[in-house]
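One structure is given here, and the rest of the page talks about it.
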Amino acid sequence: MKRYLLRRPIRTFAVSAAILAAYVAIAAIGGSSAAANSALRSSASTGTGATVNWGYYSDEPDWDPVVVGATSATQLLSLIYEPLFTLNAQGEIEPALATGYKYNSAGTAVTITLRKGLTFQDGSPLDAAAVAFDINRAKTQTNSALTADYADIKSETVLSATQLRLNLTQVDYQIPFILANRTSLLASEKAAKANLAGLNSDDPVGAGPFKLVKLVPDSELTVEKWSGYWDAKDIHVQTVNLFLQVNPATVLSGLQSGTYNFVTSLPAQDISLARKDGLKVVANTAAGWLADFLSLNFNKAPFNNPLVVQAVEDAINRKQLVSQLGFGVATASVQPFPTTSPAYDPSLNSVYSYDPAKAKQLLAKAGYKPGQISVPLDLVSSLNTGGPELIQQQLKAVGINVTIVPQTITAFYAGYYGKTDQLAFYGYVGRDSKVEALNEHYGSTGILNLSAPRETAQFAAAEKKLLAIPITAAGYEPALKNLTKIGVETGSTITVYTEPNAYATTSAFSGFPLIDGVFRWNGVTVK
Amino acid sequence: MLRNAIRVPSGRIAAVLLGIVFFLAIFGPVLAPDAPNTTVGAQLQGPSGAHLLGTDYVGRDVLSRMLAGSTLSVLGALMVVVIAFVVGAIPGLLSVYLGRAFEWVSLRVVDTMIALPFLVFAVAMTALLGNGVVQSMFAVGILLSPVFFRVARSSALSVARSQYVEAATLSGASTAWVMRKHFLAKVLPPISIALSTTMATGLVVIASLTFLGIGVQPPTATWGGILAADLQYIAIQPLAPLVPVVVILAAVLGCNLFADAVRDVSGEAGRQLLNARAAKKAGRVTRVPRARIGLRKGGELG
């Protein structure tokens, strides 16, 4: 009888013990699986005809470049869509669909010249009229994420099939950057007119190197090389299978096992492990980066008090954040750019320092007793909470109580873009136009400016001055750095650190050209 | 019943496991060697003399977080059990007595609730009511209540149709008296089993919800939350998830063994089992080693 009574518990224990033992065994051998998996990894075939299996951490519900809000999605959209211009490793304008641009003498109009004989993937012509249509769509479409980017374009004049003049509202020499990569990925006019919703949801049509074969929303996308691409001879990958919403905790094992041969947004903790395992890792801010920052709402108490804002600045220990969470790849930063960006101003590094004693004094001077300030810190629940949790500790140490409020991305956007949050933690990947990036943080219409429409007169004046300087002129970069300095000193974004947006491939990959935030497939080979 | 339950081996094992779990739930936060929400060292360190279970992704002491997280983990599961019991068991009993209209409506409601997916409902509820421990436990409790409804109703149905209940009713006994005297004794054992299995489910669901960022918010520690965080860094510390896994598993096992023990000692079979054990203990039963009973084809035993 006793044996009968014990039979079930013993069985349960035995099964549990077996599972645990198996787990321990797997965990123990997990780290040394490189050699065993090396044969599996190079599943892609050689040269033309190669297949890329791409593991991507997030979902992408929108595929119309005009609608897509996240700049990080440029990496995905660049499979199907092609921009007018792109950038080189130095951040300079390079031809893509357009071969060049020319400003009028006053800087109030710019003429774009397109390549001849271009078409979209549906066979419709990609001419000046189609470009004008797309720019107008970006300016006027209700759900456009690009309206603010094109605010300085007053109208378009089609000069010929390959020439388009953009008439500007003010002198603005930044327009070529707006027409590069993210904001100028062109979608087919024909497809947009036929089914605008379909273009966005499941039938994207562009003029990029690959054409859609299959799109399963929330899950995967398959594209194949498009022979009509203007630089098709330089595309050596035949098929790209994109797997969406891959768990970041599994990307490394996915690469090791051969499930993927290309993984983007590699978690910082996996970078050194991937390298040890013989994988090719690109963790270079020149190829892509992230900046994490606190957004304060200057229109809401207690951050409408400059003393409290200064106290927060002094309470943040960026060095601890980087050493504690950065896995050796993050860099403490007070500005929303990495050191590799032309907008990075090194003079700002000496302005801010960690000084909790001063922070306490400032709070006392502002009339707040320790613990009297309690604010919610809104953030996206899917993001790593390590940074916010450490910041919470740092602010508590000076007497500011912070409650972390993770939210779904939809709920977060409602409060963040709606400017109703008091305090938020967020990140971004930069913009092709550095002026646009600064505008979004510190400008009156900036989506990352939690205090918008607040914009200081100093910032507005410096921006106007910068827009009047041609991007190739000697005075451009100093003026850009000056705008960064003014933005950081007067704005409501408190940047804490930057880190490379790393990606990893198997050794079979030749590597992508070094372009900030973009994967150009031209010339990429997979052996 | 509880006293009887710990007379069987599975009950004793359950008592030990659950005793440890409740001890941790009560005294865990006091026993924590470090402040559970404060960084005390470098991140993701392995076990050492200073930090017996190592440190987590922010450099906090894992042992302290496990101990401090016990209270909320267990309390959350208890909250789920209480809500599920109140929302499920009472209507389940009443559905037998309050007439056909109530019976029909309650059965349809329960059928609908059973069809709702667990985590999706919890996510929707927290989106509606806000993301918090009480809201998420409320959602989970409601979704688990059909278990109690069905157990209570089926037990009540079997008793309601028995002759002794009819006799009591015909003798003029009040419904309250009948329920107290006859129903509770019959209904309580299966409900006790449901309570312990629901407690186990509650522990796992809380872990799952915390894993999804619902319910308990950082930096508050729970076993599920610690497990979720550990899994993000499994490539660096592959053994780290073992600690919360073992604790959750032990608690769930304790609940399930307790349910087994209650089932085994309940009813007529349970009484026979306990009598046999008592007889054996008193020396009235002798075990015959290697005894064989032969039976020819077509023969009968008995």
Side-chain angles (χ1 to χ4, degrees), chain A residues 1-10 12-13 16 19-20 23-24 26-31 247-253 256 267 269-270 272-274 277 320-321 323-327 379-390 392-394 396-397 403-408 410-411, chain B residues 7-14 35 37-39 41-44 55-60 123 126-127 130-132 212-214 217-220 225 228-242 245-246 249-250 252-253 256-257 260-261 264-265 272-273 276-277 280 285 287:
Chain A
M1 193 59 71
K2 188 173 181 178
R3 187 183 288 174
Y4 163 75
L5 285 171
L6 270 172
R7 195 167 59 208
R8 185 185 295 263
I10 284 172
T12 314
F13 270 128
S16 307
I19 291 169
L20 283 176
Y23 176 86
V24 173
I26 291 166
I29 63 173
N247 186 337
T250 65
V251 291
L252 188 57
S253 56
Q256 289 166 337
Q269 65 266 25
D270 288 345
S272 61
L273 293 169
D277 209 24
Q320 188 198 18
L321 281 159
S323 66
Q324 202 71 31
L325 308 170
F327 293 97
L379 49 89
V380 181
S381 58
S382 58
L383 297 179
N384 189 315
T385 57
E389 286 181 69
L390 208 49
Q392 184 187 43
Q393 289 183 39
Q394 293 173 355
K396 191 177 181 185
T403 306
I404 294 173
V405 186
Q407 298 170 325
T408 62
T410 311
Chain B
R7 287 171 63 188
V8 294
S10 55
R12 281 199 287 274
I13 297 169
N37 297 334
T38 303
T39 298
Q43 67 174 154
L44 300 170
T55 58
D56 73 355
Y57 61 101
V58 191
R60 296 171 297 208
V123 171
T126 50
N131 195 356
L212 295 173
I214 297 165
Q217 301 305 337
T220 310
D230 285 342
L231 288 176
Q232 292 299 313
Y233 300 96
I234 195 166
I236 293 177
Q237 287 290 353
L239 295 177
L242 266 183
V245 162
V246 166
L249 198 131
V252 171
L253 188 66
N256 287 339
L257 287 175
D260 280 359
D264 289 338
V265 300
Q272 285 177 8
L273 167 70
R277 284 174 55 79
K280 186 184 171 190
V285 177
R287 187 173 167 225

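Here is how names work: the chains are called A, B, and so on, in the same order as the sequence lines, proteins then strands, and each is numbered from 1.
- With sequence neighbours excluded, the residues satisfying side chain to side chain contact (heavy atoms under 4.5 Å, CB included) with A250(B) are L17(B).
- Using a 4.5 Å cut-off between heavy atoms, Q324(A) touches chain B through backbone and side chain atoms alike.
- For L325(A), the parts lying near chain B are the backbone and the side chain together; criterion is any non-hydrogen pair under 4.5 Å.
- The two residues T55(B) and A42(B) have their closest heavy-atom pair at OG1-O, 2.7 Å.
- Rounding to the nearest 0.5 Å gives a distance of 13.0 Å between CD of Q237(B) and CG of L231(B).
- Between chain B and the residues G386(A), S272(A), S253(A), the most heavy-atom pairs under 4.5 angstrom are made by G386(A).
- Only the backbone of N37(B) comes within less than 4.5 Å of a heavy atom in chain A; its side chain stays farther off.
- Heavy atoms closer than 4.5 Å to chain B are found in both the backbone and the side chain of I404(A).
- One finds the OH atom of Y57(B) at 14.0 Å from the CD1 atom of I236(B) (value rounded to the nearest 0.5 Å).
- Both the backbone and the side chain of Q269(A) come within less than 4.5 Å of a heavy atom of chain B.
- Checked against salt bridge (charged side-chain N to carboxylate O under 4.0 Å, His left out), D230(B) has no partners two or more places apart in sequence or in another chain.
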